[in-house]
Protein chains: 2
Amino acid sequence: MEEMDDAPEATSRQTGLDAAGSKGPATISDVAARAGVSKTTVSHVLSGRRPVSEATRRKVMRVVEEMGFQQNFFALGLSGRRSQTVALVVQDLTNPFYPALARGLQQAVGKRDHVVLLADVGAGTPPIEAFLNEAVQRRVDGVVVAAVDVPDRMLEPLLASGARVVTVGSPRHGTSTDVVSSDDGRIAADAVAHLYSQGHRTMGVISGPVRVAPGSARLDGYRQALRDHGLRPLRAAEAVGDWTRESGAKAMNLLMDLERRPTAVFCANDLMAIGALDSARSLGLSVPSDVAVLGVDDIDAAGLVSPSLTTVRVPAQEIGRVAGELLLARMDDPTGTPRRVLVQHHLVHRESA
Amino acid sequence: MEEMDDAPEATSRQTGLDAAGSKGPATISDVAARAGVSKTTVSHVLSGRRPVSEATRRKVMRVVEEMGFQQNFFALGLSGRRSQTVALVVQDLTNPFYPALARGLQQAVGKRDHVVLLADVGAGTPPIEAFLNEAVQRRVDGVVVAAVDVPDRMLEPLLASGARVVTVGSPRHGTSTDVVSSDDGRIAADAVAHLYSQGHRTMGVISGPVRVAPGSARLDGYRQALRDHGLRPLRAAEAVGDWTRESGAKAMNLLMDLERRPTAVFCANDLMAIGALDSARSLGLSVPSDVAVLGVDDIDAAGLVSPSLTTVRVPAQEIGRVAGELLLARMDDPTGTPRRVLVQHHLVHRESA
DNA sequence: CTCCGAACGCAAACCGGTTTGTAAGCAAGG
DNA sequence: CCTTGCTTACAAACCGGTTTGCGTTCGGAG
């Protein structure tokens with residue numbers, strides 16, 4: 001307070017009128033006027049694209065602080081810059097995986113003052129294409145696509161506009177982008193390893209549909225893991241579900257009917273595992289003593305059902321974080337071949353296995 | 001196609017070079033040149049702020065279609081317009097209530113070509129203030145605040161910037177905004193009515209903390225409902241939890257120890273209700289024959305635990321939808337007193353009550 | 001002392017729209 | 001025939017930044 005009552009006082013008085021007082025937020029011209037330099041110089045100080053003498057730099061920065069000047073978002077965008085925005089396209093926001101991913105993404109890009117534009121494909125409105133077009137218009141810096149319903153074709157205008165793209169899940173065929181995903185093969189392997197360590201030697205599996213990547217990768221991983229432990233994967237002990245609780249129960253019924261009944265069942269997701277628990281209960285089998293059940297995902301309900309579900313947690317939040325970091329890295333350096341990052345899962349040991 | 005070979009041809013030829021061919025997307029000048037009118041006229045056709053002759057309008061629109069012209073987002077913003085963006089601030093995105101709300105909001109505002117900027121307070125990064133400042137900068141049209149951690153003070157710059165605000169939950173004291181929330185009193189009343197209709201005459205309640213609105217409102221609603229059914233609320237049968245599963249179990253233990261043991265317990269949320277189920281199981285009581293349990297929220301797990309939980313569903317998605325509609329309505333007509341909308345919940349009848 | 005290059009700062013043009021003030025064309029009224 | 005009034009379209013200024021090209025100033029070398 002005291003310090004302001006010296007030399008700059010006269011200046012601050014006169015500019016105070018039209019800068020702080022009357023019109024809205026301060027503009028670059030206000031700053032320039034008050035600092036006694038030109039707009040150009042202020043711009044250079046702020047962007048650092050051209051050298052400015054230390055004295056001038058200081059003087060300008062002080063005024064910037066004083067006036068609380070912030071560059072106008074639209075003016076910035078209009079003169080060719082990008083928008084400090086990343087778009088996130090998710091398949092289905094009501095699936096808890098995606099909110100966690102969104103949070104991780106926000107954390108990562110927030111550190112660099114970027115903001116997240118959200119699109120939930122599952123909402124139906126507006127159509128994805130409209131959203132992606134909007135993203136181009138707003139010159140987003142990057143897009144994270146975590147939705148199978150977005151074909152390569154739709155991403156092309158985006159890439160053409162200079163935005164970076166990161167895909168979550170399996171790599172795309174047509175367009176090559178950075179990819180981040182879970183390591184489905186190892187998830188299955190770790191699950192099997194756990195069951196084996198608990199003494200189980202006769203295992204079964206409830207797999208997801210094999211035509212999609214996580215389905216087949218987890219099934220393959222399971223088979224390979226059995227072999228690695230010196231066990232033979234039995235075709236009969238492989239049931240297929242469609243990720244739903246009901247399909248899990250049905251599959252479990254089949255497995256429990258087998259001649260060589262498995263003492264442990266690896267389920268490719270938690271929902272099917274919960275279905276398997278339903279089935280076990282209705283058959284009068286107790287879990288885990290009669291049969292152990294292990295899931296994948298660690299959804300909320302996994303800890304709430306009883307017996308609580310032992311499961312392999314896929315760290316959605318970290319996937320989001322990594323996606324954000326890949327995006328930022330690409331923005332700094334757009335060259336180089338596409339990267340693929342596998343995030344580390346871990347086993348959550350509860351009661352069911 | 002054929003039609004293009006007449007008068008405008010010469011013009012379209014020369015502009016075709018630098019409009020469609022070389023540089024990026026078409027600008028308003030390109031359109032003007034090709035349509036043989038001025039920028040001004042094109043602008044008026046597009047915005048409809050001044051009358052334009054039907055013939056000119058048609059001509060311009062045809063060219064707009066042909067060239068796939070879209071107004072530049074930044075230029076639009078720079079010349080004083082708002083940004084076709086609404087911001088959503090949520091308390092904790094990993095709580096399934098909020099993603100559902102987000103979806104509803106997207107559906108509502110998407111119909112008017114608005115896009116959703118997301119901020120998850122729970123993520124910690126970036127700080128809320130930074131996000132809200134960013135919202136002001138980007139001149140968002142509106143903000144939906146569904147987060148208790150956002151005090152009035154922080155909203156002021158936003159309101160000053162002309163953005164509309166809708167609060168989800170309880171009304172604010174200082175600033176008056178539109179509000180949308182569930183009807184907590186009636187939720188409790190409907191729950192009690194259901195239990196009553198199942199023949200229960202001795203009830204208990206596991207309430208949330210009474211210093212927050214949904215906690216006290218649900219407790220009050222419960223008491224009033226008892227009286228409305230000619231029953232006397234017993235102080236002893238009122239336990240208080242903190243919304244967690246553990247607190248629910250503890251409270252249930254208390255209630256089941258009572259001399260006049262309740263045959264039915266209304267829990268102010270599902271998590272505590274699941275805790276109550278834990279307690280009942282460990283006490284060897286069967287639900288619902290020995291004691292009925294009823295929750296509020298209808299979280300995913302409600303359908304997955306066993307016995308599955310009868311609960312009152314708070315329609316988060318509809319809350320989001322309504323919030324979006326209130327926002328749009330306010331943009332059309334900023335005048336009028338703040339509105340408060342209560343959304344309709346409904347009872348989901350499962351096994352536990 | 002003169003000349004040269006580097007360092008520094010400025011004016012003006014530009015990004016792509018909107019908005020205001022005004023001119024031109026035309027029909028109806030005095 | 002000349003206003004008057006209305007419709008329609010345009011040129012120019014403006015929003016708030018960035019970027020380019022150029023003129024000054026200054027220190028050091030010739």
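Lettering follows sequence order; numbering is per chain, from 1.
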Is a side-chain donor-acceptor pair under 3.5 Å present for A/Arg138 with B/Thr85? yes

Would you kindly say whether B/Gln317 and B/Gln107 are connected by a side-chain donor-acceptor distance under 3.5 Å? yes

Taking OP1 and OP2 of [N], is either one under 4.0 Å from a side-chain nitrogen or oxygen of [X]?
X        : N      : answer
A/Ser43  : D/dT18 : yes
B/Thr41  : D/dC10 : yes
A/Arg49  : D/dT19 : yes
B/Ser38  : D/dC10 : yes
A/Gln70  : D/dG16 : no
B/Ser53  : D/dA9  : yes
B/Arg139 : D/dG16 : no

Atom CZ of residue position A/Arg340 - does it have more than 12 heavy atoms of other residues, nucleotides or ligands inside 6.0 Å? yes

Return yes when atom CZ of A/Arg339 has more than 12 non-hydrogen atoms of other residues, nucleotides or ligands closer than 6.0 Å, and no otherwise. no

Taking the side chain of [X] as heavy atoms from C-beta outward, which of [options] is closest to it?
X       : options                : answer
A/Ile28 : D/dT18, D/dT19, D/dC10 : D/dT18
A/Ser79 : D/dG17, C/dG9, C/dT18  : D/dG17
B/Thr56 : C/dG17, C/dG9, D/dA9   : D/dA9
B/Leu76 : D/dC15, C/dG17, D/dT18 : C/dG17

Whole angstrom is fine here: how far is it from [atom1] in [X] over to [atom2] in [N]?
X        : N      : atom1 : atom2 : value
B/Asn72  : C/dC15 : CG    : P     : 12 Å
B/Phe73  : D/dG17 : CZ    : C1'   : 16 Å
B/Gln137 : D/dG17 : CD    : P     : 9 Å
A/Asp30  : D/dC15 : CG    : P     : 11 Å
A/Phe74  : C/dT18 : CZ    : P     : 13 Å
B/Met67  : C/dG16 : CE    : C1'   : 14 Å
B/Leu46  : C/dT19 : CG    : P     : 12 Å

I need the minimum non-hydrogen distance between A/Gln137 and B/Phe73, along with the two atoms involved. O-CB, 3.7 Å

Classify the nucleic acid contact of A/Phe69 as base, sugar-phosphate or nothing, counting any heavy atom under 4.0 Å across all strands shown. sugar-phosphate

Residue mapping more 5' on DNA chain D - nearest nucleotide basis, B/His44 or B/Leu78: B/His44

Side-chain-base donor-acceptor pair under 3.5 Å for B/Lys39 and C/dG16: no

Is there side-chain contact between B/Asn72 and B/Thr27, with at least one heavy-atom pair below 4.5 Å? no

Between B/Arg50 and B/Thr27, just flag the one whose closest nucleotide in DNA chain C comes earlier from the 5' side. B/Thr27

